[in-house]
Number of protein chains: 2
Amino acid sequence: MLELRHLKYFAAVARERNIGRAALALNISQPPLTRQIQQLEELIGAPLFIRSVKGVELTAAGEALYADARAVLSLADLAVERARRAAHGQLGRLDVGIFGTGMFDIVPRVLLKFRNVFPDVEIAMHTMTKTEQVEALRQRRITIGFNRLVPKYPDIKSRVVMWERLIVGLPRSNPLAAREALSIADLAGQPLVLFPSTGHPNFSDFVAHQCREHGFIPQVVQEVGDAVTGVALVASGFGVCIVPESATHFKASGVVYVPLKESPPTMLDVSCLYLQDDPSPILREFLRILEEFRTENGVTDDA
Amino acid sequence: MLELRHLKYFAAVARERNIGRAALALNISQPPLTRQIQQLEELIGAPLFIRSVKGVELTAAGEALYADARAVLSLADLAVERARRAAHGQLGRLDVGIFGTGMFDIVPRVLLKFRNVFPDVEIAMHTMTKTEQVEALRQRRITIGFNRLVPKYPDIKSRVVMWERLIVGLPRSNPLAAREALSIADLAGQPLVLFPSTGHPNFSDFVAHQCREHGFIPQVVQEVGDAVTGVALVASGFGVCIVPESATHFKASGVVYVPLKESPPTMLDVSCLYLQDDPSPILREFLRILEEFRTENGVTDDA
DNA sequence: ATTAGTTCATACTCGCCGGGTATGGCGTTT
DNA sequence: AAACGCCATACCCGGCGAGTATGAACTAAT
């Protein structure tokens, strides 16, 4: 049976054009090397070297094999090296579930930090809803997910990546648009655009809850799927909209963003989800990077 | 030390996701397979499988190695196969030295026949003079050469590929251009364009000799390097030109080709040269094809 | 709960084969 | 003729790959 040993020895002899010198280079004695070469020639079914008094030279078959043998040997070395790197999470693929407004600011910053440390890990991003993320995590289609307001699941852990302030998006025509800051109470009676309504608890529920806390029932004029659509509706005068701060990265003409002055300002999380018992070394490395990110930015799990 | 055995066994286990079944497929028993996998894991420095009661599944490192292992194994198989084919002359490279008028007809026909039988042998053609061909053969830069009027060398054998008739190229304005056929004697007094003058014996010497045989001293007006230049000079009225028949493949306006009627017509060889003791299987196969070609066309070594 | 049936791991023996030393054959060099 | 270089052969030893028998851990079924 062909073994890497045969190819390694053969390559040494082909390189040195001399069996004795090759044996020296391989740190073995000459006779066993001769034997291995003979075995290989028998396996191929043709001589690989023509022996002369000066040493050996390659036959056509030997020439052909030499080219391939080097390729096999270096590929085998590479395979071992890559397996080692994969074991330490330095190689492979990180599938990430992302969501609407998350992709504007915080998610790219975290992923960029990760990519800087592990440039050989391919990062694939998939936009999906919260429930899709949970499903995909369980099926191992993604390794981590980013989302907000994540409920507790028995098999899924989560870690807050950052806390975001809430701000109000209004059409420039609205009288409140001129204010320096607003209170949630100021929005009583204003037509509200909410999003999204799927996957409880969600941002929609969260905003409605905040309104009730401040003593009024929100007047919902429209529910949409994502923040971008919401802001678009605000721009065309449908009403006002409470959005996380990162939504301001989405500029829409005719929309003014005004901060909320509640103190401490009402905060909304962006969290990272992952499977409790996923042994992937890439995940472990990612979580390490995430912890660094949290301490750099002073993030804790409480609001 | 890593061996192909490790990769082969590992690939089988990775494919079956089960050590026992993989052992069955490999025609060995289960314990040694377990041991080999453990060895491989120790070599890599990380587990490749996570064992469960249902069987095994790949870790990230295992996943990475599996992809590479298959590549190494198939490349190793390919290497053996290609070495075998190279040993039988079915793979590799045939460097051919060719010369001016040879490339018009006979050389392509022989090489095409060879290519049809050995499509995986790369054929490289190099135009060079007779002396360059001999030099290149000795330095193994070419495996075969084609040429005419090849002298005997101690280390080089030659084999006639075909015999060519001689014909006369004349400008249309020349009175002899109207004849059906010419004798060499008819050319007495005509201005002759000869080629080439390097590398004796050469075609130039050959033609001069023929003229003397027919009782006149040739009146040489110009010597040029190759047949194409010679015919070009004839076209512009420099004189007449004796060329091998295959030169008629080079059409030049204003040139008329008239056969020589000597009986048996004076013949010129195209021969194939090769190194006496070149062991290359490709050369052997080429010579075999060449012999076929000779019997098909009834070629012998005598004129 | 017990049993039967998975799966992979361990313990031990056997025999092949890779690697060692010693030596021989052969051709070149001095 | 002698000395040298190179590869091949002969022979021995020990490691390791492969085999059998058995254990350990867990699941599934009765």
Side-chain angles (χ1 to χ4, degrees), chain A residues 1-59 61-63 65-66 69 73 76 277 279, chain B residues 1-59 61-63 65-66 69 73 76 80 155 277 279:
Chain A
M1 192 51 44
L2 178 71
E3 287 298 346
L4 284 182
R5 182 186 54 255
H6 294 118
L7 297 180
K8 189 172 131 197
Y9 288 6
F10 166 76
V13 174
R15 197 178 318 117
E16 301 282 350
R17 300 289 202 267
N18 179 314
I19 298 186
R21 268 208 311 279
L24 214 59
L26 291 167
N27 276 318
I28 62 173
S29 61
Q30 171 260 315
L33 181 53
T34 293
R35 257 173 63 77
Q36 291 295 313
I37 297 297
Q38 287 169 339
Q39 270 189 22
L40 183 58
E41 287 177 322
E42 193 174 349
L43 182 81
I44 301 287
L48 297 169
F49 297 104
I50 28 190
R51 279 76 165 168
S52 78
V53 274
K54 316 291 293 180
V56 297
E57 63 179 298
L58 289 161
T59 63
E63 205 74 65
L65 186 62
Y66 185 36
L73 290 170
D277 55 355
Chain B
M1 193 50 46
L2 179 71
E3 288 298 346
L4 285 182
R5 183 186 54 253
H6 293 118
L7 297 180
K8 189 172 131 197
Y9 287 5
F10 166 77
V13 175
R15 198 178 316 116
E16 301 282 350
R17 301 290 203 265
N18 179 314
I19 297 185
R21 268 207 311 278
L24 213 59
L26 292 166
N27 277 316
I28 62 172
S29 62
Q30 171 258 317
L33 181 53
T34 292
R35 255 173 63 77
Q36 291 295 313
I37 297 295
Q38 287 170 339
Q39 271 190 21
L40 183 57
E41 287 177 320
E42 194 174 347
L43 182 80
I44 300 287
L48 298 169
F49 297 104
I50 28 190
R51 279 74 164 169
S52 77
V53 275
K54 316 291 292 179
V56 297
E57 62 179 299
L58 289 162
T59 62
E63 205 74 65
L65 185 61
Y66 185 36
L73 290 169
V80 171
D155 54 344
D277 56 354

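Convention: sequence-line order gives letters A, B, ...; per-chain numbering from 1.
With rounding to whole Å, A:Leu33 atom CG is found 12 Å from D:dA8 atom C1'. Between the C1' atom of C:dC17 and the CZ atom of B:Arg5 lies a distance of 11 Å, rounded to the nearest Å. Whole-Å rounding puts the B:Ile50 CD1 to C:dC8 C1' distance at 14 Å. The CZ-P distance, from A:Arg51 to C:dG25, rounds to 19 Å in whole Å. Atom CD of B:Gln36 and atom C1' of C:dT10 are 16 Å apart (whole Å). Residue B:Ile37 contributes atom CD1, which lies 16 Å from atom P of C:dT7 at whole-angstrom precision. Rounded to whole angstrom, the span from the CG atom of B:Leu4 across to the C1' atom of D:dG17 amounts to 16 Å. Atom CD of A:Glu57 and atom P of D:dC7 are 12 Å apart (whole Å).
Listed nucleotides: D:dC6, C:dC8, D:dA10. Nearest to the side chain of A:Pro31: D:dA10. Set against C:dG20, D:dC6, C:dC8, the side chain of A:Arg21 has D:dC6 as its closest nucleotide. When each of D:dC7, D:dT20, C:dT10 is scored by its nearest atom to the side-chain atoms of A:Thr34, the top-ranked nucleotide is D:dC7. Listed candidates were C:dG18, C:dC8, D:dC7. Nearest to the side chain of A:Asn18 is D:dC7. The side chain of B:Gln38 has C:dT10 as its nearest neighbour among C:dT10, D:dA18, C:dG19. Listed candidates were C:dC8, C:dG20, D:dA18. Nearest to the side chain of B:Pro32 is D:dA18.
With rounding to the nearest 0.5 Å, the separation of OH in A:Tyr9 from CD1 in A:Ile37 is 10.0 Å.
Side-chain contact check for A:Gln38 and A:Thr34: no donor-acceptor pair (N or O, by modelled atom type) lies under 3.5 Å.
Between B:Asn27 and A:Ile19, it is A:Ile19 whose nearest contact on DNA chain D lies nearer the 5' terminus.
In this model, the phosphate group of D:dA18 is not approached by any side-chain N or O of B:Ser29 to a distance below 4.0 Å at OP1 or OP2.
Across all strands, A:Phe49 comes closer than 4.0 Å to no nucleic acid atom at all (heavy-atom distances). Within the 4.0 angstrom heavy-atom criterion, no nucleotide atom of any strand lies near B:Glu3. Heavy atoms of A:Gln30 sit under 4.0 angstrom from at least one base atom.
Smallest separation of non-hydrogen atoms from A:Lys8 and A:Leu73: CA-CD1, 3.8 Å. Here the closest heavy-atom approach between residue A:Ala25 and residue A:Glu16 is recorded as CB-OE2, 4.1 Å. Of all heavy-atom pairs between B:Asn18 and B:Val56, the closest is N-CG2, 3.8 Å.
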